[in-house]
Every structure is written in structure tokens, then in C-alpha cells.
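Note that ligands are numbered from 1 as they come in the structure, with each ligand's atoms numbered from 1 the same way.
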Amino acid sequence: MAKTHQRDYYEVLGVTRTASVDDIKAAYRKCALKWHPDRHPQDKAEAEVKFRESTEAYSVLSDSQKRQIYDTYGHSGLSGAGGGVDFSGTIFQDFHDIFGDFFGFEDLFSGARRGGRSRRSQRGSDLRYDMTLTFEEAATGVNTKIKIPRQEFCGACNGTGAKAGTGVVACQTCGGRGQLAYQQGFFTITRTCPACQGAGQIIKERCIECRGQGRVEKERTIELRIPPGVDTGTRLRVQGEGEPGPNGGPAGDLYVVLEVKEHPFFERRGADLYCTIPISIAQAALGAELQVPGLAGDEKLKIPEGTESGAVFRVRGKGLADPHGGGKGDLYYHVRVLTPTKLTREQRKLIEQLGTSLKVENKPAERGSSLFDKVKDIFG
Ligand SMILES: [Zn+2]
Ligand SMILES: [Zn+2]
């Protein structure tokens with residue numbers, strides 16, 4: 001045990017370095033009674049520290065051999081093997097002499113809680129639920145209900161695990177104290193009762209519903225509001241919908257982990273959406289007004305005369321929502337001019353005619369004409 005600061009044992013007991021064994025015993029009795037934690041319900045922890053401190057001082061100074069080591073080498077002389085204070089050992093034998101059957105020191109030193117029945121409450125486990133959404137559901141958000149199996153308190157036995165009407169009985173092994181006392185020398189040491197694990201009570205007949213567990217697995221329906229714009233990997237936390245905490249502790253949380261299915265033609269990058277629209281040579285050369293699919297119904301896409309393949313048109317604010325409450329993303333239409341592959345005889349003739357009157361110099365294109373330069377905004 002690491003000790004950062006240790007007070008002088010004589011100072012702790014308030015005696016001089018030449019004090020007799022009887023003086024030391026009397027001083028310790030005074031200290032121990034003063035600092036008994038039961039007398040300090042407001043600041044029990046601090047009192048316990050003081051109480052242990054004085055006990056430690058007493059255990060050393062009342063032992064002539066240890067006292068000599070301490071006088072010569074100080075605290076460090078006692079910290080090695082054979083030194084120090086063994087709280088589970090012989091020191092307890094002295095208490096009986098000093099205090100008689102005074103209030104439960106054994107509890108204090110065995111580290112057990114007095115009363116034994118105060119089982120520690122803990123926070124319940126978190127639960128994970130995986131959920132798959134369509135692209136549209138993720139885009140618009142949904143209110144849905146999910147069913148999750150989880151541990152709940154058994155209603156039949158009120159969480160006690162005992163069959164209705166039978167209740168619990170005091171543990172016979174420990175007589176309901178939750179602890180077993182062992183006589184050791186003059187003193188008594190207590191241990192947690194193995195029969196009831198310190199609860200002090202035992203179930204007479206097990207509840208049929210929960211087989212004595214006090215909890216049952218139940219399917220619970222939870223209403224879930226999924227905000228628009230969620231994506232694969234989004235984790236929604238539903239507070240307090242995890243498993244209930246043992247011994248009345250707070251419930252854990254439920255985490256809904258989302259997976260969003262891909263859309264057949266919208267590609268998602270953050271809150272922005274991308275979509276490729278094929279157009280004909282004629283539409284590219286002459287311009288056209290198209291009806292193209294958007295997230296919420298069709299959008300009008302006006303292709304200007306002389307549009308090149310690869311041009312990108314942006315419709316601001318028609319992308320996905322930011323689930324964290326930010327603005328909306330944009331919707332991008334990427335135009336691809338389709339080169340005709342299966343021509344009829346007539347179409348071939350027409351294109352041949354076009355070819356003779358439309359000459360292109362097949363020289364390398366200039367650098368720096370990136371796709372982004374071709375993004376054009378569409379308003380309305
Ligand atoms: Zn039950
Ligand atoms: Zn017991």
C-alpha cells in the first residue's frame with residue numbers, strides 16, 4: 001500500500017517518546033473511541049482513516065520489538081517483511097482486553113459492511129441494436145418502433161426471485177447477518193457468508209417465471225425517431241433503454257447502430273448527392289430541358305447549348321440533411337454524352353453528312369480543364 005504521508009506514531013496517539021506501555025494503551029483507547037466511525041456518521045471515511053491510523057500506531061508502539069525498530073529506523077524500518085501492521089492478525093487479540101465487547105470492531109477491520117445486506121447497486125449493461133434502413137428512409141428520417149429482447153425485473157416475484165407467497169427466509173448459515181464470525185484467539189474475525197453471499201437471506205422456493213433470477217428476458221417495444229441524413233455507422237443513443245441496473249442501479253443505454261442501403265443511382269458523399277445523367281449528342285449540341293429524378297420528386301435540369309460530356313450541374317440545398325442540425329447538402333448532376341453505338345443505315349448517313357460539314361482539329365486539349373470548372377449552378 002503506497003503511503004504518501006505518514007504521521008509519527010507518538011504524535012498520532014499524543015504520547016511522549018518515553019511513554020509507558022500502559023500510557024500508550026490508555027492513549028489508544030481514547031483515540032479509538034474518539035474516532036470510531038460509528039460515532040462519525042457525517043464523515044465516516046475520514047474517521048475510519050484516523051481510527052486505522054491510531055490502531056496502527058498502537059500496534060507498533062505496544063510491541064516492544066516493533067517499537068524499538070520504529071524508534072531506530074522510523075516508518076521505513078517497519079515496511080519490510082515482518083514489519084508493518086497486519087490487521088488480520090494478532091492485533092485484534094488486544095482489542096478484547098481494551099474494549100471488551102465494545103461495538104463491532106471486527107466489521108471495521110474485516111472490511112465487511114456492517115449489516116451485510118446493503119448490496120451494491122450498479123449501472124445496467126448497454127445494449128446494441130443493428131438496424132438497416134433504405135436510402136430513402138435515411139434521407140427523410142423515420143419514426144419507427146423496434147423490438148428488443150432485454151432483461152427486465154420479474155414482475156411475478158418483484159425481482160426477488162422467490163416464488164409468490166413464499167418470500168425469503170433468513171439465511172440459516174449466518175442467521176441473517178450475511179457474515180460468519182470466526183473466533184481467533186480472543187478476537188472475532190468475520191467473513192462474508194458463502195451460503196447467501198452476504199445477502200443474509202435465502203429464497204425458500206424459486207419463482208417459476210424467472211427461475212429464481214429475479215429477472216426475465218422480455219421483448220420490449222421502443223419508439224425510435226431517426227433524424228434525416230443518417231448514414232451507415234451512425235449510432236443513436238437511447239438513454240436508459242439498456243438493461244436495468246442490478247440492485248436498483250440506473251439502467252444502461254441502448255445504442256442503435258445504423259446501416260443504410262445504397263441507392264441505385266444516387267451516390268452519397270457526406271451530405272452531397274451525385275447522379276449521372278446520360279444525354280444524346282443532339283441534346284449536348286443543341287441544349288435541352290430535362291426532367292431528372294431528385295430526392296423529393298423530379299428536378300428540372302436545363303442543359304445549355306454546347307454542353308460537354310462530363311459537365312456537372314449543381315442544385316444547391318437539394319442534397320441530404322445534416323443529422324446534427326447543419327444545413328443541407330447539394331445535389332450534383334453529372335452529364336455524360338452517349339456516343340451512339342448501334343446506328344441504323346439512315347442514322348449513319350446523317351452522321352456522315354454531319355461529319356463532313358463539322359470538322360474538328362484532333363490536337364491535344366489544353367491542360368487545366370478539370371471537371372470542377374464545369375460545375376454550373378441551377379437556380380429554380
Ligand atoms: Zn421471478
Ligand atoms: Zn448467510
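- For the Zn ion (ligand 1), the neighbouring protein N/O/S atoms at less than 2.8 Å, given as residue and atom, are C154 SG, C157 SG, C207 SG, C210 SG.
- With Y274 as the aromatic partner, R268 does not meet the cation-pi criteria of under 6.0 angstrom to the ring centre and within 45 degrees of the ring axis.
- Using a 4.0 Å cut-off between charged side-chain N and carboxylate O, R150 and E241 make a salt bridge.
- Counting non-hydrogen atoms of other residues, nucleotides and ligands closer than 6.0 Å to CD of Q172 gives a total of 12 or fewer.
- The Zn ion (ligand 2) has C171 SG, C174 SG, C193 SG, C196 SG as its protein N, O or S neighbours under 2.8 Å.
- Sorted by first and then second residue, the ring pair (Phe, Tyr, Trp, His ring centres under 6.0 Å) pairs with a member in residues 130-149 read F135-H263; sequence neighbours excluded.
- For T140, there are no side chain to side chain contact (heavy atoms under 4.5 Å, CB included) partners at least two apart in sequence or on another chain.
- Under a cutoff of 6.0 Å and an axis angle of 45°, R235 and Y255 form a cation-pi pair.
- With respect to R128 and D130, a salt bridge is recorded, a charged nitrogen being found less than 4.0 Å from a carboxylate O.
- With respect to E223 and R225, no salt bridge is recorded, no charged nitrogen being found less than 4.0 Å from a carboxylate O.
- Aromatic pair F313/Y332: centroids not less than 6.0 angstrom apart.
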